[in-house]
Amino acid sequence: MDSGNAALSNSEIADRLMTLSQLLPANKENFYKRKAYRRAAIQLRSMSESIEDLVRDNADLTQFPGIGPGIRNAIEEIVRSGTLRKLEILRSQSPDPLLDISRYPRLDPKRVLRIFKKLHIASISSLKEKLESGEIANVLGLRMAQHVQQGLSETHALLLHQADRLCSTVQDFLIDKCKVKRAEPVGSIRRRTELIEELSFLIETDDFPSIISKIERFGGRSTLLHSDHRSARFALSSEIFLDIRVASEEDWGQALIESTGSRRHVRKLGAATGGLKALIQSKGPFATEADFYRAGGLAWIDPELREGYDEVQRAAEGRLPVLVSLTDLRGELHAHTLSSDGTASILDMAEGAASVRYEYIGITDHSQSLKIANGVPADELWKQIRFIDRLNEKSSAVRILKSAEVDILADGSLDYPDDLLKELDYTVCSIHSRFGQNKLQQTERLLRAMDNRYFNILGHATGRLLLKRPGYEIDIERLATHARQAGCFFEINCSPDRLDLSAENARIVSAAGVKVAISTDAHAIGDFRTARYGVDQARRAGIEKSSVLNSLPWNSLCLLFKR
DNA sequence: GCCGTTTTCGGCCCGACTGTTTTCAGTCG
């Protein structure tokens with residue numbers, strides 16, 4: 001244990017690497033160098049071990065991904081001297097505006113400098129003013145304004161799949177290093193929300209003060225923000241919060257209930273049971289959640305539903321949905337191959353699907369207009385159709401479905417002629433261009449597309465990329481109604497940075513009586529793993545197996561695709 | 001600067017389209 005000087009947290013070391021990456025000249029040969037520093041910084045933030053301790057113990061830092069000899073030396077220099085000569089030199093050479101920008105690692109210096117020039121400003125504080133006044137959006141466009149907004153935002157949310165990784169790291173730390181008897185994730189990560197701003201754990205321990213001091217060493221140093229005898233809140237190097245709450249074996253169940261649901265949910269639970277405290281006093285304590293629900297006269301509520309909509313009332317009336325689960329999926333309806341921008345052949349993808357016990361896989365390579373993704377020209381798709389027919393004749397373990405991810409063009413027409421679309425088993429139709437159209441334009445574009453009788457599933461309906469880019473606006477109610485009438489379906493795209501439909505939109509679509517496909521949009525065999533994230537969102541939307549297209553065997557599913 | 005079941009050097013998408021343009025940088029998967 002170090003004494004005297006405060007230890008450098010992983011976060012502080014990562015900050016220096018990140019700043020270095022921001023200040024490196026933006027020419028082409030340095031592009032990958034900048035990326036390397038950035039990647040290494042992200043790696044450091046995700047670690048539970050103290051980098052400083054590792055350096056002092058002469059551990060080999062190059063064992064960690066993204067850290068090679070160059071960055072190892074830089075880290076060692078930072079730990080030993082508290083600074084980095086290379087960084088100091090860059091700092092002394094950089095103009096003030098760039099130094100100012102480099103405090104915000106999410107901002108792209110090049111773009112921000114352009115804004116500075118254009119609006120005749122030279123500091124982040126002016127940038128904030130111009131953002132709030134709407135001037136950036138007006139003069140440089142919405143996209144640029146969005147970039148600045150994201151870059152300046154103080155929230156440091158993680159995507160659910162990143163949070164999952166951090167969550168297991170923390171859980172291992174609590175169990176292996178802190179020796180707690182039990183540690184269970186609660187809060188938003190247990191509800192499977194798409195973005196996570198704080199990790200919450202319920203733990204069982206006899207010595208909470210010593211656990212707190214151990215967690216303060218997590219990731220080099222974690223700042224204790226608050227604590228009392230039963231709970232504590234930390235700021236982690238990963239830039240999100242960690243909430244810890246202590247419970248005992250006897251009251252574990254009620255503590256799970258109280259710390260898993262959203263505030264609104266817990267309030268509604270109280271109202272439905274005549275007050276949580278009163279219920280606990282009269283019939284508690286509750287060691288399991290099941291005990292609690294039984295005593296409260298409620299059916300078990302799945303964590304994904306504990307948001308405070310109508311789930312408590314439905315639990316009281318015994319009308320909760322039986323949510324779809326990962327094992328209900330019988331096939332994949334959205335997968336790319338080497339024919340467009342995937343990384344595996346059709347056959348490899350089919351084998352991958354077989355290895356996760358799928359009955360079918362739809363091959364949905366990009367259509368001809370999407371040049372960047374190597375979209376398949378019409379004549380090539382004709383060949384691919386015949387090729388897949390021959391593969392299926394050889395009776396593989398998995399039925400390969402002939403399909404395409406067909407671009408919805410600016411005017412709502414589809415990117416292949418009808419005589420070709422007709423030959424496909426079904427289509428996934430998506431927007432990949434002209435994101436700038438307004439809500440009415442996008443909605444009518446999609447409505448027109450749905451009017452094509454070969455339109456089956458709307459892929460990633462809003463085009464959002466979480467933490468990167470908001471989707472274009474659509475009138476989801478109108479589209480859901482139209483889909484219902486026209487016999488079209490929606491996709492829940494499982495890609496962890498899309499999760500599009502959102503749970504909110506999936507709820508609306510489902511309420512309109514429209515089925516959804518839970519699709520991974522796989523570009524590699526390993527991507528089938530992400531199916532769980534789509535299932536999570538479907539469950540948050542209250543979707544049952546019967547509303548999921550790919551829970552059906554192909555001989556039933558194919559009937560739904562005939563219009 | 002990192003990385004390797006084609007590589008210890010030469011890669012790390014790419015390329016047509018759009019508009020934040022007024023001639024080049026950002027964007028889409």
Side-chain angles (χ1 to χ4, degrees), chain A residues 17-18 20-21 24-44 61-75 84 86-87 108-119 130-131 134-149 334-344 348 364-377 404-410 415 428 430-437 459-460 462-465 468-472 493 495-498 500 519-524 527:
Chain A
L17 297 184
M18 201 61 112
L20 181 64
S21 121
L24 279 172
N27 61 38
K28 209 154 197 166
E29 72 182 290
N30 266 321
F31 177 77
Y32 293 107
K33 199 188 277 191
R34 298 169 63 140
K35 236 173 120 170
Y37 279 109
R38 234 185 148 74
R39 211 170 41 221
I42 292 166
Q43 166 65 29
L44 296 193
L61 294 180
T62 62
Q63 67 181 293
F64 300 105
I67 300 176
I71 292 180
R72 174 198 58 203
N73 292 344
I75 293 172
L84 189 58
K86 193 169 172 172
L87 176 61
D108 172 15
K110 229 163 92 184
R111 291 159 86 175
V112 176
L113 285 174
R114 236 181 88 206
I115 299 177
F116 280 9
K117 198 172 154 195
K118 186 98 187 178
L119 299 183
K130 299 289 182 188
L131 179 71
E135 207 174 327
I136 294 178
N138 288 336
V139 181
L140 290 123
L142 208 58
R143 288 263 169 270
M144 199 68 114
Q146 281 159 357
H147 172 72
V148 174
Q149 176 90 55
H334 189 162
H336 297 266
T337 73
L338 288 168
S339 304
S340 62
D341 61 347
T343 58
D348 288 343
T364 54
D365 280 305
H366 286 291
S367 61
Q368 50 193 355
S369 286
L370 202 63
K371 309 278 187 210
I372 176 76
N374 195 25
V376 180
E405 183 176 12
V406 186
D407 259 58
I408 298 170
L409 304 177
D415 194 25
V428 176
S430 317
I431 285 181
H432 291 118
S433 61
R434 294 294 205 114
F435 278 41
Q437 290 187 7
H460 45 71
T462 74
R464 73 171 181 179
L465 290 180
K468 238 189 241 165
R469 165 183 97 196
Y472 40 81
N493 191 295
S495 188
D497 59 350
R498 287 191 184 274
D500 182 13
S519 301
T520 64
D521 200 349
H523 284 70
D527 290 349

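What you see is a predicted model, and the numbers here were worked out from it, not measured in a lab. Lettering follows sequence order; numbering is per chain, from 1.
Neither OP1 nor OP2 of B:dG1 sits under 4.0 Å from any side-chain N or O of A:Tyr32. One finds a side-chain N or O of A:Lys33 lying less than 4.0 angstrom from the OP1 or OP2 phosphate oxygen of B:dG1. The phosphate of B:dC13 has OP1 or OP2 within less than 4.0 Å of a side-chain N or O from A:Lys35.
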Reading nucleotides 19-29 of chain B from 5' to 3' and marking B where a protein heavy atom lies under 4.0 Å of the base, S where only the sugar-phosphate is that close, and - otherwise, the string is -BS---SSSBB
What does nucleotides 3-10 of chain B look like as a protein-contact string, B for base, S for sugar-phosphate only, - for none, at under 4.0 angstrom between heavy atoms? S-------
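Comparing the P positions of B:dC12 and B:dT5 gives a spacing of 16 Å, expressed to the nearest Å. Rounded to a whole angstrom, the distance from the C1' atom of B:dC13 to that of B:dC28 is 13 Å. Here, B:dA16 and B:dT20 have their P atoms 22 Å apart, quoted to the whole Å. Comparing the same atom, P, in B:dG1 and in B:dT6 gives a spacing of 28 Å after rounding to whole Å. Using atom C1' as the reference point in both B:dT23 and B:dC17, the two lie 15 Å apart (nearest Å). Distance check on atom P: B:dG15 versus B:dG11 gives 14 Å, rounded to whole Å.
The CG atom of A:Leu87 sits 14 Å away from the P atom of B:dG1 (whole-angstrom rounding). When rounded to the nearest whole Å, the span between NZ of A:Lys371 and P of B:dT18 equals 12 Å.
In this structure A:Glu135 satisfies the side chain to side chain contact (heavy atoms under 4.5 Å, CB included) test together with A:Leu119, A:Lys130, A:Ser133, A:Val139, sequence neighbours excluded. Residues meeting the side-chain hydrogen bond (donor to acceptor under 3.5 Å, both in side chains) test with A:Thr343, sequence neighbours left out: none. Residues satisfying the side chain to side chain contact (heavy atoms under 4.5 Å, CB included) criterion with A:Ala41, sequence neighbours excluded, are A:Ala14, A:Leu17, A:Met18. For A:Asp108, the side-chain hydrogen bond (donor to acceptor under 3.5 Å, both in side chains) criterion is met by no residue, not counting sequence neighbours. Shown here are the side-chain hydrogen bond (donor to acceptor under 3.5 Å, both in side chains) partners of A:Asp497, two or more places apart in sequence or in another chain: A:Ser495. Every side-chain hydrogen bond (donor to acceptor under 3.5 Å, both in side chains) that A:Asp407 has, sequence neighbours left out, goes to A:His432.
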For residues 110-118 of chain A, which side-chain N or O atoms pair as donor and acceptor with protein atoms under 3.5 Å away, sequence neighbours left out?
none

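Residue A:Lys86 is classed as a sugar-phosphate contact, given heavy-atom separations below 4.0 Å to backbone atoms only.
Put simply, the residue from A:Ser339, A:Ser430, A:Ser340 that forms a side chain to side chain contact (heavy atoms under 4.5 Å, CB included) with A:His366 is A:Ser340.
Between A:Thr462 and A:Asp500, the side chains place a donor N or O and an acceptor N or O closer than 3.5 Å (distance only, hydrogens not considered).
The partner of B:dG10, taking Watson-Crick or G-U wobble pairs whose two distances both stay under 3.5 Å, is B:dC3.
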